[in-house]
Amino acid sequence: MPNDPVTLIPAFVAGLLAIPILLAIARLFSLYTVVNEQEAVVYTFLGKVMGVLDEPGLQWPLAHFGPKAILVPIMGTRQPVSMKIRQRYLRNQMVNSEEGTPMSVGVWYEMQVSDPVAYLFNNADPEGSLEANVASATISTLSNLEMDKLLEDRHQLSRKVRATVSPLSEKWGFRLGSVYIRKVAFTDREMVDNITDKVVKRLVQVTSAMKQDGENRVGLIKSQTAYKVSEQLAQASATRPAVVGETLNEIAADDPDVLDALMQVMEADKLIESGADVDVLPPEARVLVSLADGGSQPSESKPADSASQSRLARFQIDDGLLP
């Protein structure tokens with residue numbers, strides 16, 4: 001029977017096996033091709049370049065190159081070229097400074113194929129040639145420079161190396177990307193030790209200078225602050241007598257009795273602070289106090305009136321006491 005499943009299975013299996021074979025034959029004869037991301041395919045025929053397919057995806061060479069594309073497997077070539085960015089690092093490139101110091105330089109650079117045809121046919125080993133060109137440009141650019149410039153001006157020197165290599169790399173189908181002098185090292189161990197000692201001593205000197213400068217600044221701030229404080233205190237001390245005098249004048253103008261009582265209180269307070277001996281006599285006392293001998297020899301006398309008693313109660317006091 002024509003629809004017998006037993007007979008359809010072999011046909012189905014044969015069809016599954018035939019599809020990859022037919023696709024392989026079609027691809028062999030350039031009926032179609034698949035171009036990957038960041039890739040270009042160069043087609044040649046009889047030693048001449050037919051063209052380049054660099055658009056990712058499914059491509060039809062017959063539509064681009066005509067019937068000759070079918071004969072490419074027999075009379076030409078199909079060469080895929082990677083267009084990805086590649087990075088290289090060249091270690092231990094020996095240069096001498098202006099002072100004659102041997103130094104080791106490390107150079108990092110990146111490259112990308114910009115012209116697949118030039119990459120394949122202008123140079124037998126474009127990557128090796130580019131590496132040798134970068135190394136020679138680095139050595140020629142950095143040799144006989146001052147040591148300080150080698151250690152500090154890496155960005156500027158990297159741009160010089162790139163400007164030297166780029167024109168030649170473009171002829172080989174490369175586009176040179178970033179170039180960076182990553183490492184500059186001394187090869188002489190004794191020189192490294194000497195430089196390390198100098199750096200340590202310089203750091204100690206700078207640290208000591210910074211510490212001393214800080215202490216000087218702190219001392220200056222303290223002295224300026226003390227001067228301003230003493231100046232303000234002196235101004236306050238000079239202002240106090242004037243304020244007290246104005247207040248006492250106002251009190252005297254309003255009520256002289258209050259002023260007299262205040263003066264007596266202040267006088268008593270000063271006497272207490274002075275620590276002087278005070279002899280208090282009752283109003284009916286019949287003694288006289290001799291001011292000449294400090295009141296040590298009292299004598300009999302007639303009763304003193306109120307003015308005399310007031311005078312007897314006064315003693316010599318220090319100049320700082322109020323009268």
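We use all heavy atoms of the structure for the numbers below, so side chains are in, but hydrogens, waters and symmetry mates are not. Note that this is a predicted model, so its numbers are computed, not measured.
- Heavy-atom minimum distance, Val179 versus Ser158: O-CB, 3.1 Å.
- Gly128 and Asp125 get closest at one heavy-atom pair: N-OD1, 3.3 Å.
- Note that CE of Met111 and CZ of Arg175 are 12.5 Å apart. Values are rounded to the nearest 0.5 Å.
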| query | Phe121 and Gln79: side-chain contact (heavy atoms from CB on, under 4.5 Å), yes or no, with the steps? | reply | CA-CA 12 Å; Phe121 303 108; Gln79 301 183 51; 4.1 Å; yes
| Stepwise side-chain contact (heavy atoms from CB on, under 4.5 Å) check, Val107 with Val134 | CA-CA 8 Å; Val107 182; Val134 171; 4.1 Å; yes
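- Sequence neighbours left out, the pairs with a member in residues 216-226 that pass side chain to side chain donor-acceptor pair (under 3.5 Å) are Gln212-Asn216, Asp213-Arg217.
- Of the possible donor and acceptor atoms, none in the side chain of Asn122 sits under 3.5 Å from a partner among the backbone N and O of Gly173.
- For Thr44, the side chain to side chain donor-acceptor pair (under 3.5 Å) test picks out Thr77, with sequence neighbours left out.
- Contacts of Phe174 classified as ring pair (Phe, Tyr, Trp, His ring centres under 6.0 Å), with partners at least two apart in sequence or in another chain: Tyr119.
- To the nearest 0.5 Å, the span separating CE on Met83 from CG on Asp115 amounts to 8.0 Å.
- By the side-chain contact (heavy atoms from CB on, under 4.5 Å) test, Ser104 pairs with Asn92, Met94, Thr187, sequence neighbours left out.
- Residue pairs satisfying the ring-ring contact (aromatic ring centres under 6.0 Å, His included) criterion with at least one member in residues 221-253, sequence neighbours excluded, are absent.
- Partners of Lys84 according to the side-chain contact (heavy atoms from CB on, under 4.5 Å) rule, which considers only residues two or more places apart in sequence or in another chain, are Gln38, Ser82.
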| request: Before giving the answer on side-chain contact (heavy atoms from CB on, under 4.5 Å), spell out for Tyr109 and Val165 the whole-Å C-alpha distance, their side-chain angles and the decisive distance to 0.1 Å. | output: CA-CA 11 Å; Tyr109 66 96; Val165 178; over 6 Å; no
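- Taking CG of Asp197 as the reference point, atom NZ of Lys201 lies at 6.0 Å (rounded to 0.5 Å).
- A search for side-chain contact (heavy atoms from CB on, under 4.5 Å) contacts involving Glu110 returns Ile85, Gln87, Trp108, Ser178, not counting sequence neighbours.
- When every heavy atom of Ala137 is checked against every heavy atom of Ser140, the shortest pair comes out as O-OG, 3.0 Å.
- Val49 has its side chain out of reach of Leu120: every pair of non-hydrogen atoms, C-beta onward, lies at least 4.5 Å apart.
- By the salt bridge (Lys or Arg N to Asp or Glu O under 4.0 Å) test, Arg91 is found to be paired with no residue, residues two or more places apart in sequence or in another chain being considered.
- Under the ring-ring contact (aromatic ring centres under 6.0 Å, His included) criterion, the residue pairs touching residues 133-161 are His155-Tyr180, with sequence neighbours excluded.
- Asn36 approaches Pro56 most closely through the heavy-atom pair O-CB, 4.1 Å.
- Annotation for Val72: hydrophobic cluster partners, listed by chain and number, are Val35, Val41, Tyr43, Phe45, Leu46, Met50, Leu53, Phe65, Leu71, Ile74, Met75 (ILVMFWY side-chain heavy atoms under 4.5 Å, direct or chained).
- Here Pro73 pairs with Leu28, Ser30 under the side-chain contact (heavy atoms from CB on, under 4.5 Å) rule; sequence neighbours left out.
- Distance CD/Glu39 to CD/Glu37: 10.0 Å, rounded to 0.5 Å.
- To the nearest 0.5 angstrom, Ser169 atom OG is 12.5 Å from Glu127 atom CD.
- Other cluster members for Leu233: Val229, joined by side-chain heavy-atom distances under 4.5 Å among Ile, Leu, Val, Met, Phe, Trp and Tyr.
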